[in-house]
Amino acid sequence: MTPALLVLGAGEEQVVLYREARRRGLPTIAVDMRADRPGIALADRFLKLSTTDHEAIAEALVGQEIAGVVSTAADTCLESWHRLSEHFATPWRYPASAAAVSMDKSAFHALAASVGVPVYQWAQSHDLADLATSASGFGLPVVVKPTDASGCRGVLRVDEPSELDAALHNAAVNSPSGQVIVEKLLLGKDYTVNTFLHRGELAFALITEKHIVPGPRFLIGGHVAPADLDPVVEKALLADAHALCLAMGLTDGPANFDVIVADDGTRYVLEVGARMSGNGFPRLAHAVAGVDCVQALVSLAIGEPVELASDRSEVARLQVLTSPLEVEGELQSVGDLTAVRALPGVSDADVFATPGDVVLPFTEAGRKLGWLVVHAPTRAELDEVLATATTALNLVVTPATVLA
């Protein structure tokens, strides 16, 4: 039996992993709770199981030789990534300590403090009443989050005391463990520090400027890279990220850190996902630097040489495509993606819904419709390229109520 690549997740973000495996002629096994995910059509075998149920996955694969285990863009499966790579004795094994700090925000705060990264006020508990008291002590505004969810699910900014109880209960419902964390809201500029380590060194790093969608949910509408940073601040952010990776036992592989740089220059690292960023990040990295992070991850997982050489230096923007409506709608039209991709300055365009599909308002990261990546020699030219590509894409969504 040919060894297969075990891919945890078959959603839009994981599609790139199946495409890379196909390019190599490497069979894939997809694991996902949903049978309607786009990666399944690219897989050689599908297990309709939760990516968190590592025991059931291992049992279903008795007798199957596994070449490597991979995932991307989600924290919920990280413990399974560790346990399954250990179970199948794969060439690279995802570290348990990296999973622990990615899936427990309080554990990450403790790690950050241990390496000297600036800390701020936070409290984590199952007891929502205690958290309400802590939030009042911090002073509003605060941010309320599930401690072990990703994709902005259950995350809310709270500005008024009357909003706090609902936000706490919303976070608890969205937490697999029922734990909630309350953090003092930090003001400053939002960045993501993306790294890929190899043999303990930073083999690739890209800092992006996050574009946050207005509103209380902190949803990401896109990224611009490379970030326009003072070289001293950039160097310090990369040093922070490198130290945190080593402290969590991650000497090989990707990690991404959400960061705020305050007006006084203080660098606050909010949390880590010890995996590649979502929202189509691999496409952004390729547009900016010509680096193929997906190829590098698959190579690492199956024990082949890792290559992360850059062959260009562009400015790029990744735009998350979403429904423009605040209610349920129906996708009416999508432009010719082949023609959009052929436009000057367009690196990639993907839409994972088709006309006639029901589309939901963008209240969590999993409700994106796709993404668009554009590049240009300078920042000044990016907006024009994006506007032209967006017009050609012609995404039209109408309210479901109009169709009834």
Side-chain angles (χ1 to χ4, degrees), residues 8-16 32-41 50-52 71-77 143-146 148-157 166-167 170-176 190 192 210-223 256 258 271 273 275-284 317-335 337 348-373 390 393-403:
L8 301 177
E12 293 84 358
E13 301 282 7
Q14 289 82 43
V15 164
V16 289
D32 204 295
M33 275 292 290
R34 289 173 52 181
D36 63 344
R37 308 301 277 158
I40 295 169
S50 170
T51 58
T52 65
S71 189
T72 188
D75 295 330
T76 51
C77 67
V143 183
V144 178
K145 310 174 184 177
D148 47 5
S150 58
C152 294
R153 190 177 294 109
V155 178
L156 285 171
R157 170 177 170 153
N170 177 62
V173 167
N174 283 281
S175 168
D190 291 271
T192 299
K210 285 197 295 189
H211 287 231
I212 307 296
V213 176
R217 301 179 187 277
F218 300 94
L219 291 160
I220 299 171
H223 294 263
N256 72 93
D258 290 334
E271 55 189 64
R275 36 79 178 175
M276 276 193 294
S277 287
N279 294 319
F281 169 75
R283 295 162 169 82
L284 182 64
R317 175 164 182 151
L318 187 151
Q319 184 73 20
V320 178
L321 303 175
T322 67
S323 171
L325 306 179
E326 295 182 0
V327 297
E328 184 177 290
E330 181 178 312
L331 182 61
Q332 293 295 304
S333 71
V334 179
L337 288 177
D348 199 14
D350 257 322
V351 178
F352 293 103
T354 57
D357 285 352
V358 173
V359 295
L360 299 175
F362 188 53
T363 57
E364 58 185 64
R367 292 182 174 182
K368 69 177 74 69
L369 301 182
W371 40 66
L372 179 63
V373 182
T390 301
L393 198 55
N394 191 35
L395 277 178
V396 177
V397 180
T398 55
T401 52
V402 172
L403 302 172

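Rounding to the nearest 0.5 angstrom, the gap separating the SG atom in Cys152 from the CG atom in Asn174 is 11.5 Å. Between atom OG of residue Ser50 and atom CZ of residue Arg34 there is a gap of 13.0 Å, rounded to the nearest 0.5 Å. For the atom pair CD1 of Ile212 and CG of Asp190, the computed distance is 4.5 Å after rounding to the nearest 0.5 Å. Atom OG1 in Thr52 sits 8.5 Å away from atom CE in Met33 (nearest 0.5 Å). With rounding to the nearest 0.5 angstrom, the OG1 atom of Thr76 is 9.5 Å from the CG atom of Leu8. The distance from atom CG of Asp148 to atom CG of Asp75, rounded to the nearest 0.5 Å, is 9.5 Å.
Using a distance-only test at 3.5 Å, with no hydrogens or angles considered, a donor-acceptor pair links the side chain of Asp32 to the main chain of Ala10. No donor-acceptor pair under 3.5 Å is formed between the side chain of Asn279 and the backbone N or O of Phe281.
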Take Val15 and Arg37 through the test side chain to side chain contact (heavy atoms under 4.5 Å, CB included) and record every step on the way to the result. CA-CA 9 Å; Val15 164; Arg37 308 301 277 158; over 6 Å; no
Checking Val144 against Val155 for the side chain to side chain contact (heavy atoms under 4.5 Å, CB included) test, could you report, in this order, the C-alpha distance in whole Å, the side-chain angles of both residues, the deciding distance, and whether it holds? CA-CA 6 Å; Val144 178; Val155 178; over 6 Å; no
For side chain to side chain contact (heavy atoms under 4.5 Å, CB included), just list the numbers for Leu372 and Leu321, CA-CA rounded to whole Å, side-chain angles, deciding distance to a tenth of an Å, and then say yes or no. CA-CA 7 Å; Leu372 179 63; Leu321 303 175; 4.3 Å; yes
Please report the C-alpha distance between Gln319 and His223 in whole Å, then the side-chain angles of each, then the deciding distance to 0.1 Å, and finally whether the side chain to side chain contact (heavy atoms under 4.5 Å, CB included) criterion is met. CA-CA 7 Å; Gln319 184 73 20; His223 294 263; over 6 Å; no
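Proximity of Val396 to Leu331: side-chain heavy atoms (C-beta onward) are nowhere separated by under 4.5 Å. Side-chain contact between Leu393 and Leu337 is present, with at least one heavy-atom pair separated by less than 4.5 Å. Proximity of Gln14 to Thr72: side-chain heavy atoms (C-beta onward) are separated by under 4.5 Å at one or more points. A heavy-atom distance below 4.5 Å is not found between the side chains of Phe352 and Leu369. A heavy-atom distance below 4.5 Å is not found between the side chains of Glu13 and Arg275. Side-chain contact check for Arg217 versus Glu364: every heavy-atom pair is 4.5 Å or farther apart. In this structure the side chain of Leu156 reaches within 4.5 angstrom of the side chain of Asn170, judged on heavy atoms. Between Arg153 and Pro146 there is no side-chain heavy-atom pair separated by less than 4.5 Å.
Contact detail for Leu325 and Gly329: the closest heavy-atom pair is CD1-CA, 4.3 Å. Across every non-hydrogen atom of Val397 and Ser323, the tightest pair is CG1-OG, 3.8 Å. Between Arg157 and Phe218 the shortest heavy-atom distance is CB-CE1, 3.5 Å. Pro282 and Met276 make their closest contact through CG-SD, 3.9 Å (heavy atoms, listed as atom of the first residue, atom of the second, distance). Scanning both residues, Ala353 and Val334, for their nearest heavy atoms gives O-CG2, 4.4 Å. Closest of all the heavy-atom pairs between Phe362 and Val213 is CE2-CG2, 4.1 Å.
Side-chain atoms of Gln332 and Glu330 form a donor-acceptor pair, as typed in the model, at a separation below 3.5 Å. If you check the side chains of Asn256 and Thr192, you find no donor sitting under 3.5 Å from an acceptor.
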